[in-house]
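Notes follow once the structure below has been shown.
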Amino acid sequence: MATPAPASKLDPLVSLCKRRGFIFQSSEIYGGINGFWDYGPLGCELKSNIKQSWWKTMVRTREDIVGLDATIIMHPAIWKASGHLDTFSDPMSTCKHCKKLMRADQTWEMLADNEFGAAMTELHAAGAPELGRVTAWCKGRGKGIAPNLAAVRNPDGILAVMGASLAGATFRNFVSLLASDNLVTPVQPCPYCGGELTEPRPFNLMFKTIVGPVEDPANIAYLRPETAQAIFAQFQNVLATSRQSPPFGIAQMGKSFRNEVTPRNYTFRSREFEQMELEFFIRPDEAIELLCGRVTTLADMPDLTTPQDNWGWQVWHTYWVEQRLAWYRSVGLPAASLVPYWQQPAELAHYARACVDIQYAFPFGIQELEGIAARSDFDLTQHQKHSGKSMEVFDEPLKLAAAKLDETARTAFVERVVADWTARGKGADEARAFVAKLLDGRYIPHVIEPSAGVDRMALALLCNAYAEEQVTDDKGKTETRTVLRFSPLVAPIKIAVFPLIKNKPELYAKAREIFGQLQRRWACFWDESGAIGRRYRRMDEAGTPYCLTVDFQTLEDGTVTLRDRDTMQQERLTVPALKEKLDEILLG
RNA sequence: GCGGGUGUAACUCAGUUGGUAGAGUGCCACCUUGCCAAGGUGGUUGUCGAGGGUUCGAGUCCCUUCGCCCGCUCCA
């Protein structure tokens with residue numbers, strides 16, 4: 001009867017993370033709090049290295065992306081405009097029988113779409129439903145289709161009493177009565193099994209707070225559920241001050257908050273988490289056509305290494321997928337562990353033209369690290385509508401290009417765009433207004449959004465790095481060596497410095513001197529206690545790629561030994577040579 | 001939110017029919033040590049997840065609650 005709990009595949013890693021100081025449970029001394037995690041001494045270095053690498057790759061080493069650091073709490077209207085206030089706060093119901101959770105406002109629609117609903121419609125359509133037919137169905141097919149419907153569970157008892165009230169009932173009332181155990185109060189039926197649904201409960205996935213000391217509903221604000229909206233809200237300010245114009249991007253890292261229904265899988269789905277997001281603003285394809293004559297699409301098999309003026313949104317989107325994959329590889333996730341997933345058209349949000357998830361093969365399943373969405377001009381348009389402020393850019397080259405068109409070419413272009421838009425289900429008036437602006441050099445930029453999770457990346461790196469290996473010593477004794485094989489680029493500690501023996505003052509002093517030098521460049525760790533082998537193994541568990549040991553030969557010729565974490569081999573080299581070597585490796 | 005499992009030292013775990021908590025590892029100090037969890041000596045650690053109840057007495061039995069893990073919903 002007592003089935004043993006299946007062990008989590010993450011358990012050994014969770015244990016190591018606590019033991020070595022990577023990750024602790026938040027508020028542990030008070031019993032913890034669900035969905036929140038703290039990063040200890042090694043964990044915060046790891047996270048910091050991830051973020052630094054991202055920032056360097058995305059912002060510092062590019063001329064077309066600039067940074068932003070916006071607040072976590074913003075004007076609540078932002079979340080109205082973005083759609084979060086509506087989509088993040090659906091009332092939900094749970095079926096008391098089959099335990100499924102669903103949006104309360106969709107239960108009737110779901111019912112209408114399935115076999116259960118069809119059967120109900122048929123029975124109800126008889127006008128004044130005949131008890132006999134209803135009873136027959138409940139005793140027959142109903143058992144398979146809606147096993148938890150009250151009338152199916154107790155057809156004779158319930159239906160006998162209920163006959164009168166069923167006559168003349170509306171469809172919903174009819175079904176609701178059949179779902180009712182007490183025969184009187186209609187209950188919401190579960191579209192999956194006919195069971196009774198709970199009262200709709202508000203499910204707000206956004207954290208609410210109050211701005212100012214007065215606890216008044218008028219002062220309600222939200223902790224941001226994503227960092228990206230601030231980028232849109234500050235779009236015009238950045239545009240005006242950064243001397244950038246599309247194509248260009250705005251990058252931001254920071255905390256976000258979601259009241260997740262089920263925080264699970266260690267830090268993977270946390271309620272407070274950190275994101276690294278880019279909004280890369282591009283010209284609409286119609287503008288590219290005016291500027292370059294035609295739009296480059298994936299069908300042209302473009303070279304994706306260097307951005308080109310004639311790229312359309314599709315090429316930009318794929319470019320960013322490639323760029324992001326390259327970054328994951330560069331910080332140590334093997335290409336084979338990364339699984340890009342192209343969302344099917346039916347899965348896309350209504351505003352998205354394409355979305356690729358970059359997934360990692362976690363021990364608990366293949367899960368998303370980053371989503372790269374082509375969001376068209378949806379977000380900026382929303383903010384323009386809600387704020388009343390223009391989100392357009394003025395594009396001088398575009399205006400000049402448009403001015404060169406003669407009357408026939410101009411008309412042809414307009415008609416082509418209108419035809420294209422109406423074919424995609426948009427209004428002709430809307431299309432004409434867009435073209436008119438475009439010919440004047442004005443448009444709302446489209447956007448490609450690579451949005452990555454810092455904590456998820458940290459977890460992926462930990463999972464990827466974790467290894468237990470069997471090592472056999474000189475005496476033939478075999479034991480397990482636990483090692484975190486981080487790329488040196490993200491390793492919390494880059495190099496540890498040991499005096500071979502601590503009770504020889506000259507040796508000790510020399511080691512301290514070298515440690516002092518190295519510390520100015522990299523995250524270093526000093527360890528003088530215990531045998532040398534033990535110190536090496538301690539650093540293996542911390543994922544430190546190099547250990548430097550100062551011995552008696554150091555005093556003679558200035559060389560030290562450098563021990564490699566992965567091969568456990570040593571090489572002897574001078575301190576300047578070592579600095580050069582590490583610089584080469586750690587510059588990335 | 002629902003169901004199942006689980007919670008004892010920093011980590012891994014033992015703890016009998018209820019009788020007042022232990023092992024290994026780690027960690028710290030000293031000695032020893034010329035390079036892979038070496039040896040010796042000494043030391044350190046617990047609201048037994050929390051709260052309540054039953055009892056003369058609860059880590060152990062009952063109730064409540066919280067966290068974690070495993071399954072249903074979410075997508076950074």
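On a predicted model such as this, the values are computed, not experimentally measured, just so you know. We name chains A, B, ... by the order of the sequence lines, and we start the count at 1 in each one.
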request  = Kindly write out the residues that satisfy ring-ring contact (aromatic ring centres under 6.0 Å, His included) with A:W526, not counting sequence neighbours, or none if the list is empty.
outcome  =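 For A:W526, the residues satisfying ring-ring contact (aromatic ring centres under 6.0 Å, His included) (neighbours in sequence not counted) are A:Y508, A:F515.
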Using 4.0 Å as the upper bound for N to carboxylate O, is an ion pair formed by [Y] and [X]?
X      : Y      : value
A:R269 : A:E368 : no
A:E274 : A:K255 : no
A:E541 : A:R565 : no
A:R572 : A:D551 : yes

Check whether any side-chain nitrogen or oxygen of [X] sits under 4.0 Å from OP1 or OP2 of [N], and answer yes or no.
X      : N      : result
A:N265 : B:rC69 : no
A:K18  : B:rC11 : yes
A:R534 : B:rC27 : yes
A:R258 : B:rA76 : yes

With a 4.0 Å cut-off on heavy atoms, is [X] in touch with a base, just the backbone sugar-phosphate, or nothing at all?
X      : answer
A:L369 : sugar-phosphate
A:R563 : base
A:Y266 : sugar-phosphate
A:E368 : base
A:E226 : nothing
A:T549 : base
A:T561 : base
A:G35  : sugar-phosphate

ask   = Under 3.5 Å, is there an N or O donor on one side and an acceptor on the other linking the side chain of A:E541 and the base of B:rA37?
value =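 Between B:rA37 and A:E541, which were checked side chain against base, a qualifying N/O pair under 3.5 Å is present.
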key: base_contact_polar (B:rG26 base, A:R20 side chain, donor-acceptor, <3.5 Å)   =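 No, the side chain and the base share no sub-3.5 Å donor-acceptor pair.
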query = A:Y328 and A:E370: side chain to side chain donor-acceptor pair (under 3.5 Å), yes or no, with the steps?
reply = CA-CA 10 Å; A:Y328 285 102; A:E370 171 161 351; 2.6 Å; yes
Using the [atom1] atom as the reference point in each nucleotide, state the distance between [N] and [M] in Å, no decimals.
N      : M      : atom1 : result
B:rA10 : B:rC48 : P     : 12 Å
B:rU60 : B:rU17 : P     : 15 Å
B:rC72 : B:rA37 : P     : 44 Å
B:rA76 : B:rC68 : C1'   : 22 Å
B:rG59 : B:rG49 : P     : 10 Å
B:rC30 : B:rC36 : P     : 23 Å
B:rU44 : B:rG24 : C1'   : 16 Å
B:rG3  : B:rA9  : C1'   : 33 Å

Measure the distance from [atom1] on [X] to [atom2] on [N] and round it to the nearest whole Å.
X      : N      : atom1 : atom2 : answer
A:R537 : B:rC36 : CZ    : C1'   : 5 Å
A:R271 : B:rG1  : CZ    : C1'   : 11 Å
A:W327 : B:rA76 : CH2   : C1'   : 12 Å
A:Y466 : B:rC11 : OH    : C1'   : 12 Å
A:E571 : B:rC36 : CD    : P     : 17 Å
A:R19  : B:rU12 : CZ    : C1'   : 9 Å
A:L13  : B:rU12 : CG    : C1'   : 16 Å
A:E468 : B:rU12 : CD    : C1'   : 12 Å

ask   = Want to settle it: does A:T482 or A:R264 sit nearer the 5' end of RNA chain B, counting the closest nucleotide to each?
value =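 That would be A:T482.
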message = Can you work out whether A:D564 or A:E370 has the more 5'-proximal nearest nucleotide on RNA chain B?
response =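 Here A:D564 is the residue nearer the 5' end.
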task = Please identify each residue that fulfils side-chain contact (heavy atoms from CB on, under 4.5 Å) with A:P492, with sequence neighbours left out.
result =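 Partners of A:P492 by the side-chain contact (heavy atoms from CB on, under 4.5 Å) criterion, ordered by chain and then number, come out as A:F22, A:L42, A:E45, A:L46, A:F486.
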task = Check side-chain contact (heavy atoms from CB on, under 4.5 Å) between A:A326 and all other residues, then give those that pass, not counting sequence neighbours.
result = A:R329
task = Answer yes or no on whether A:R563 is positioned over the face of A:Y536, meaning its NZ or CZ is under 6.0 Å from the six-membered ring centre and within 45° of the axis.
result = yes
query = Are A:R224 and A:F257 in a cation-pi contact, defined as NZ or CZ under 6.0 Å from the six-membered ring centre and within 45° of the axis?
reply =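 No, A:R224 does not lie over the aromatic ring of A:F257.
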List, with names and distances, any nitrogen or oxygen atoms from the protein found under 3.5 Å away from nitrogen or oxygen atoms belonging to nucleotides 31-34 of chain B.
{"unit_1": "B:rU32", "atom_1": "OP2", "unit_2": "A:N503", "atom_2": "ND2", "d": "3.4"}

key: Among B:rG67, B:rC36, B:rC28, the one nearest A:N34 by side-chain distance   = B:rG67
task = Verify, without hydrogens or angle tests, whether A:E279 (side chain) and A:I250 (backbone) share a donor-acceptor contact under 3.5 angstrom.
result =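 Not confirmed, A:E279 side chain does not pair with A:I250 backbone.
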task = Report yes or no: does A:T544 contribute a side-chain atom to a donor-acceptor pair with the main-chain N or O of A:I495 at less than 3.5 Å?
result = no
Report all interatomic pairs (protein N or O, nucleotide N or O of nucleotides 13-15 of chain B) with separations under 3.5 Å.
none

task = Answer yes if the ring centres of A:W37 and A:F24 are under 6.0 angstrom apart, and no otherwise.
result =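 No - the distance between ring centres of A:W37 and A:F24 does not fall below the 6.0 Å cut-off.
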Within the 6.0 Å centroid threshold, strictly below: A:F268 and A:Y266 = no
Face-to-face stacking of A:Y536 with B:rA37, centres under 5.5 angstrom, angle under 30° = no
task = Map every base of RNA chain B to its dot-bracket character, where paired means a Watson-Crick or G-U wobble contact with both distances under 3.5 Å and | marks a partner outside the strand.
result = (((((((..((((.....[..)))).(((((.......))))).....(((((..]....))))))))))))....
query = How far does CD of A:Q52 sit from CG of A:N49, to the nearest 0.5 angstrom?
reply =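 These two atoms lie 6.0 Å from each other.
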